[in-house]
Every structure is written in structure tokens, then in C-alpha cells.
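Worksheet for the structure shown next.
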Amino acid sequence: MTDQNQTEYDIFSIQEKWLPIWDELKPFNSGNADDSRPTKYVLDMFPYPSGDLHMGHAEAYALGDVIARYWVQKGFNVMHPIGWDSFGLPAENAAIKRGLDPKGWTYDNIAQQRSSMRRYACSFDWDRVLITSDPIYYRWNQWLFLEFYKRGLAYRKNSNVNWCPSCQTVLANEQVVQGLCERCDSVVTKKALTQWYFKVTEYADRLLDDLDTLEGNWPSKVLSMQRNWIGRSYGAEVEFEIEGRTEPVTVFTTRPDTLFGATFMVVAPDSDLAAELASGADASVRAAFQDYLEQVKKSNDIERLATDREKTGVFLGRFAINPVNGARLPIWAADYVLSDYGTGAIMAVPAHDDRDMSFAVKFDLPVVTVVDTGEDDPAVTKVATSGEGVLIASGEFNGLAKAEAIQAITDHLANAGKAKVAKNFRLRDWLISRQRYWGTPIPIIHCDVCGEVPVPAEQLPVELPSAAGLDLKPKGSSPLGAASDWLNVNCPSCGGDARRDSDTMDTFVDSSWYFLRFLSPNSTDAAFPVDEAKRWAPVDQYVGGVTHAILHLLYARFFTKALHDMGLVDFEEPFTRLLNQGMVLMNGSAMSKSRGNLVALSEQLDEHGVDAVRLTMAFAGPPEEDIDWADVSPSGSAKFLARAWRAANDVTSGVDVDFKAGNPALRKATHSFLRDFGPLIEGFKFNVGVAKVMELVNATRKAIDGDVGGADPAVREAVQTVAKALSLFAPYTAEDMWQLLGHAPGVALAMLPEADLSLLVENQVVAIVQVDGKLRDKFEVATDITKDELQALAFDSNAVKRAIGDREIAAVIVREPKLVNIATMG
RNA sequence: GCCCCUUUAGCCCAAUGGCAGAGGCAGACGACUUAAAAUCGUCACAGUGUGGGUUCGAGUCCCACAAGGGGCACCA
């Protein structure tokens, strides 16, 4: 049965041999209508086609493949699709640099990655592929945009937005990291622009609360980052009368219990309120405010967020009245108050808030202590005390603790119509307009008569015009504005002259719903089929890097909830289970050309073979930890694979031997492996799973070389088990082993059997005896030994007697049949 | 400053509260070989970051601290 030419393991000829056969076999097709297997949806985060695959992709896809292939072997119809997140700036920048069309660059890279994925033996269903820059895909971005628009979830507003002067485009809040553009690290500035937004905040509560349902199935780190980002805080909105103004000003506070300690009010300098209050003051105040406003506008977030920065601000010459005690509070404008959070105005309680305290110290404002926390008085120390305590100097509320005080004071003011319970979110609406070319055109037409007019559904997609003749260089307005043939259209409503919106959508829109598009990637009837979504979605297992912990996952969750409310899906969370793999490092740091520590995937594959690289990724350690390529050994992996392969070559029994006649010890090893393997894979302990396969191979080797011999049925059973398990990590080697064992191609579809637990029953076990927790003796006993028998045996042991000496026995713990612990006095 | 994770052999990493070692790398030795490589086999190496506590028993649970990594950080 053995191929005579194959006496030595040669991974490279094995790779060449099997690729075309798999192309024919298509073992991972998930689209057969008469497939009766239960469904499972395993999804890898799709790549951006910025070049060929790199080590990071290799890790992610190796790990995703372990899971996808595992479920296939457990009898599931696994949908494991792939696509490309192919709109976005790198294509545009590359095009500008080389004078090419972004399209050509993008699709060349996709072809390259696709061929590398095939060679890497990813278990993708190649009949389910999508590319977000295809009109057939982004048409549905536009359709969804318009559906959102109908429901008020997409809207346009003018505000101060994040602006990257280098990318020459606006950025979402989420794309600004430490005041820098996440893409190019330029200092982000502010710019007042009218832009499109998705109303994520409408879902803020659900986005936060539903994280609880993911507990245990998503990494806790991601859950906490999302919670942090959404940032819900409860408190009260309190109205303050303003001298010389009819309307009161509402402030949001999480500490209504400290109201008696409010000594001034602060408003955001860039708010309308600040301007209005200043305009009612005298000339010198107005001038000072204008100066300050200019200064604030010039500063960027880097400066603003520096923690050691001194507080700045100007007095607006106006006063508010504290609703609890009638105190006159000076109103200041200061940039530590943000115009787009809460109401853009706060009551300042320096005694119990660090920020207010440093402001009070800087400008010599009074400090009134109203909570006794047992610490030194902040009015004296000038150090705010923000902890729990008892109310003082708060009139009828004195003596109350924090929670009661919050309740009581809020209720008291609410009765007078001056306050209400409120909550606020750190989360802002999602700014989706981008002033760039390579993205989905926003399907809105601007008409001087009719205003914003949606492009009628039957006119979708609004295709991108060719880049030929367009200047793609960033210049602060969309390159599409210059495509006049494309831009100028008739208004769908009145037929008059009108213009298309020339901005394109943030590419995170593309990836917010792509997991649904895989259900029918080529459909021109709908974004996705609702009935298929019921069958396949949500995604059972999502695999990808933690870099998307906030942005992508939050947006996809928002889309899912919106689609749920539109009646298009029947679930509210898109990704039931999430695995974040770590990064691949080299010598302790992320690989980069500039650091000179880049490891080329193609070179690794050429040197060690696909299987050894994949196995190394899985074996290196827990998947969520980083892998330092300097610490692992792909050549060691290759050595092991050769060892496994040779075991298959040494099997001399026929395909249909009866395993029951096999060597009991080796059968036991095989079935103990089968018992352990599944839970390890399902618990993402791939490294331990691989170690178990190695253990079984070692046991098999010993059996073959020892008394058992290669003809024993247990050897075949063991090696077949190895081949199946190994196909999760090393598909080429496993397939070749499968053939050596006399099977038709398709080890990936071979079922992983359940362990026969009856083979694992022990009737003898080693019992240990401890004295005061220290091991003193051990001996074999029957597994059904009684407690008394075991205890008697323990006291019979000379070693135990010696250990006890003449001390008195305090307690004897017996855990039959494996343990006796004798505790002595003293 | 706040929160989270990690810390086990020279290295990467295992260990339902019950004998610290499953697996690998790097080593040493042996067999095979004229020799080497490959292969096969054997072996050594830590008492689990530090200090307390709970327990009959702690790598595992609790508290504090240290080091490394990550996240958040003027959001009222």
C-alpha cells in the first residue's frame, strides 16, 4: 500500500502533490443545500491587501484554521469564508506615490494574497469570497446608509471634528490615539465641518449592557476596553439660574451630593453658551474671552491632554446661583471642560474633585468642604478628597452617606423642578465622512432646492468614477469633487441641477457587516439573505487581533443592533465567541523594516515548509500571547512532523483491521488522547493539544520499535488518530499520512472519534501518603479500595511511621483511592 | 495617577486545591556510522518573583509588594 517512492519525508513535494487534489476535492465547501450537518460559522478577520501575507497573517490564519478544521472533524458544516477589506488609504497613498490607479494596486495584492492563502492551506470556502471595493459589495453599504438615513441613524451636522493635517481628512474619535492620527501619527487638529454621522449613541446602553452576555466568551480585556470606551456615568442634571439670563444653565454631575461645595461654574470655551455669556459681559471680559478662545483653538489634543499641564481659563464676569443654598458662583470658561460632553458646563466642587481643585488653586477660588472622608480637610491641604464620607456643611442633608445624599439631594431638587436623574456617555456618534477617493461614495445628492436627497435605491450603486485624470493628492476636500461628469447630476426629487456628495465612507463601515455578506457574497438582490442569516449567524467563532478591540468590534456590534431593529437579523450580538491572537515578534519587539528585525513569511515557508510554520504558530504558547520568533523552533516542528510521518510509513496492518485486537497499552494512550484533545482545542489550548499529539507519536514510536511492532492494530489506530489530529495544524503532512495508511484523500473530513472511556478504566492506582502535607510513601492499590483499607495501609508504612515519630495524630484526611494525608499536632 | 494581565528548569511553556513536569528548544551521554548528518535511546537541570494569610495540604485561593506587558487617563 505504501508508495514505493516515498521512503523519506519531503514536505515540499508533499505540498506540490496535494494542492491540486484539494482544489478538486473542495473539502471545505459549505454551500451544499442538501448538507444535513449542523452549522458552525468560523470567521477570521479579513485582511487589508497591503502586500503579500506576513507573519502576523500566518499566525492568525493558522489559529483560525485549527478551530475551523476541528469543527469539521466533529461533524459540522463549517462556514469559513475569506474576503478583503480593500478600500482605504494605503491603496490611495501607494497610488499617489507610484502614479498608479488604487484599483490596480489593490487587486494585484489581493491576487497575491489569495494565492499565498491557498498555498498556506487555509481551510477557506473559496466559493464565499468578497472584496469590499467591488461595486457589488459597496452598493449595499450605500443601501444600508440609506436605510439608516430613513431611520435617523445617519445624519449630518456641523461640529468641531478631528482633522489629520497629513492625511487631509477627518477622523473618527476612535481613530485618534493620544491626540495622534492612528494611521500616520500626525498631531490631530480641530476643524469645523459639516459631516455625516452614524448615531451610535442611540445604542449606547445596549452596547454596554449586552457586553455582559459575552462574558466568558470574549477576552475580558476586550470587554473592559469596550466598557471603558462607552463610559456610561450616572448622576443628575441640575439647573442653575444665571444672573441676567432668563434661561437657567443645566450642568451634569455624578456627585450631586457635593452640591453645597460648589464654589464656581465652568463652561467649555468653544461652546455657544460661553460665547453668549461673554457677550453679555463688559468689554474687557469680552476681549479676554476672545483671546482665550483663540488660544484654545490653536492648541491641539496633545497639549490639552498633557496631565501635568496647568489649568487655564478666564472669568466671564457672570454669576450662577447655586440651587441648594443660593450662593453666587462666578462663571469661568476653561478648556478642561469639553463642549461635547454632558452639557458643556459643570459645577465645580474643588474640595472633592482634583481638576476643580487645581483650577481653584490656580485662580484663588474658594474651597468648601462638604464631605468628611476622615482625611485632612481639603480646604486646608488643597488636596481634593474624592472618596466616600459623611455630608457636612450641607444643611438638612448633614450626616448622610454618599449614596443616600445623592438620592436625597437629587430628589429634593427634582421636586422643585430643578434637577433630574441623568446619565452620560463618553461614546460619541461615529463620524463616517472621509475626504478621500478610495472608498464607498455617500449616496446623497445635494440640491439647492430640495436639500439632501437620497439616491433612489434603483440607482444604486453609485459607482466610483475612474481615478484616471483625478488628482488624488490630499488637499482637504474630496478628489471626487473634481470629477465633474460624475459629480453633477439632476436632483432625483425636482430634476434640477444638483451635485453628488463627494465624500466617501470610513472603511470601518465596510467591515461592520461583512460577516453577513458572506452568506451570499454575489447576491444582487439583497445585502444578505435573511433566512440564511437565521441559519448561519451570528458568527460562532471570530478570530483576530486585539488591535480591533474597540473600533471594528464596536461598530459591528452597533450595525448588528441596528439590523436587528430593522428586522433583518434575529440576534443582537454579531460574534458569539472571540479569540484574540497575539502578535509575532522578533527579539522582543514588533517586526519592522526600520528595526531590521523583519522575518519574511515566504522565506520561512521556503525553508521549513507550510506545515512546520503553521505547527510552530500553534505550539508556541497560548494563542493570545505574543510569539517571539527567536524563541521558537520551526525546524523542531519540521523534525516532529517527519517523525509522525515515519510512524505512518511503519504501519503494516490493513485498513480494516479490528482495533479491539490491538495492544491495550497503546490503545489506552490513543483513547486518553482522544478524551483530552477536544476540550483542549475548544478551550484554545492549542499548544497543549500539540503536545498531546507529540506524546501520542512518542508512545507509538516506542510501540513500533518495541515488542508491539508495526503490524499491531493499535499502532494503526494510534497513527490514524495522529493523522486526523495533525490535520488541524499540519494539513499536508496529515493528508500524506492518511494516504500512507491506505485511505482516500480527505483526512480533513475524517471524523475525530469519541474516546472509548471503558479502555481508560484503571483497576490499580498509585496512592500517595503525606504526613503534614509532605510526601512520605506511595504504593499501588486497587481503585475500589475503601477509605478504611487505605488508611490502614498508610499507617502500616514504615516510612510513614518514621515520619510521624512520636507525635500525636491531629487529623487524617483520606481521599481514596489516591491520597492519605496525616496531620500531626504541633 | 487608575484598571487589567503575566511571573514555574538556560529558553518557550504544561500542571480539576492533592507526587512540581505533559510537550518542545538548547545541552550531555550512548547506539547506529570508517566518520559526520539524520535517526533511535538515556540523562541532568527549578521547589513555582518577594513577604504574609487561609487550608490537613497552595504553583493553584486571599492580601500586600516587586518586575515586565497592556489598556485608560481633565468625560464632571
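Note on naming: letters A, B, ... go to the chains in the order of the sequence lines (proteins, then strands), and numbering restarts at 1 for each one. Just so it is clear, the model here is predicted, and its values are computed rather than measured.
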Any idea which of [options] is nearest the [X] side chain?
X	options	result
A:S233	B:A76, B:G24, B:C12	B:A76
A:R646	B:G23, B:C25, B:C40	B:C40
A:R701	B:A76, B:C40, B:C12	B:C40
A:V688	B:A22, B:C11, B:C40	B:A22
A:Q770	B:U39, B:G71, B:G18	B:G18
A:F619	B:C25, B:G23, B:A76	B:G23
A:V632	B:C19, B:A76, B:C12	B:C12
A:P622	B:A14, B:G23, B:C19	B:A14

[N], OP1 or OP2 - any side-chain N/O from [X] closer than 4.0 Å?
X	N	value
A:R776	B:C56	no
A:Y336	B:A76	no
A:R643	B:C40	yes
A:N687	B:A14	yes
A:K685	B:A15	yes

Could you check whether [X] gets within reach of a base, just the sugar-phosphate, or nothing at all, counting any heavy atom under 4.0 Å?
X	answer
A:E695	sugar-phosphate
A:F359	nothing
A:A691	base
A:N228	sugar-phosphate
A:N698	sugar-phosphate
A:K221	sugar-phosphate
A:S224	nothing
A:K692	nothing
A:S635	nothing

Suppose you measure atom [atom1] in [N] against the same atom in [M]; what distance do you get, rounded to whole Å?
N	M	atom1	answer
B:U60	B:A20	C1'	11 Å
B:C4	B:C12	P	26 Å
B:G59	B:C19	C1'	14 Å
B:U54	B:G17	C1'	12 Å
B:C25	B:G18	P	29 Å
B:A15	B:A9	P	15 Å
B:G24	B:A44	P	16 Å
B:G53	B:A58	C1'	11 Å

> Do A:K818 and B:C19 share a donor-acceptor pair, side chain to base, under 3.5 Å?
Replying inline: no

>> I'd like to know if A:N821 reaches the base of B:C56 with its side chain, counting only an N/O donor and acceptor under 3.5 Å.
In response: yes

With both distances kept under 3.5 Å, what pairs with [N], Watson-Crick or G-U wobble?
N	answer
B:C29	B:G41
B:G57	none
B:A35	none
B:G68	B:C5
B:C74	none
B:G51	B:C63
B:A22	none

Measure from the side-chain N and O atoms of [X] to the backbone N and O of [Y], and report whether any donor-acceptor pair falls under 3.5 Å.
X	Y	answer
A:D626	A:M583	yes
A:S797	A:V800	yes
A:N580	A:E624	no
A:T201	A:A204	no

[X] [atom1] - [N] [atom2] separation (whole Å):
X	N	atom1	atom2	result
A:I550	B:C4	CD1	C1'	14 Å
A:I230	B:C3	CD1	P	21 Å
A:L641	B:A38	CG	P	17 Å
A:N649	B:U39	CG	P	15 Å
A:Q226	B:C72	CD	P	12 Å
A:L726	B:G24	CG	P	14 Å
A:F640	B:U39	CZ	C1'	16 Å
A:D772	B:G18	CG	C1'	15 Å

[X]-[Y] side chain donor-acceptor pair, cut-off 3.5 Å:
X	Y	answer
A:N821	A:R815	no
A:S637	A:T616	yes
A:Y234	A:N424	no
A:H352	A:T385	yes

> If each of A:M694 and A:D353 is mapped to the nucleotide of RNA chain B with the nearest heavy atom, which maps nearer the 5' terminus, i.e. the 5' end?
Replying inline: A:M694

> Which residue, A:A823 or A:G344, contacts RNA chain B at a nucleotide closer to its 5' end, judged by nearest heavy atom?
Replying inline: A:A823

> What residues in residues 809-816 of chain A put a non-hydrogen atom under 4.0 Å from any atom of RNA chain B?
Replying inline: A:I813, A:R815

> Mind checking whether A:F252 and A:Y341 have parallel, tilted or perpendicular rings, split at 30° and 60°?
Replying inline: perpendicular

> Parallel, tilted or perpendicular: which describes the rings of A:F729 and A:F677, with under 30° parallel and over 60° perpendicular?
Replying inline: perpendicular

> What form does the base of B:G47 take, syn (within 90° of 0) or anti?
Replying inline: syn

>> Quick one, A:W629 with A:Q604, criterion side-chain hydrogen bond (donor to acceptor under 3.5 Å, both in side chains). Give me CA distance, side-chain angles, the key distance, then yes/no.
In response: CA-CA 11 Å; A:W629 203 248; A:Q604 294 294 308; 2.9 Å; yes

>> Tell me if the centroids of the rings in A:F686 and A:F619 come within less than 6.0 Å of each other.
In response: no

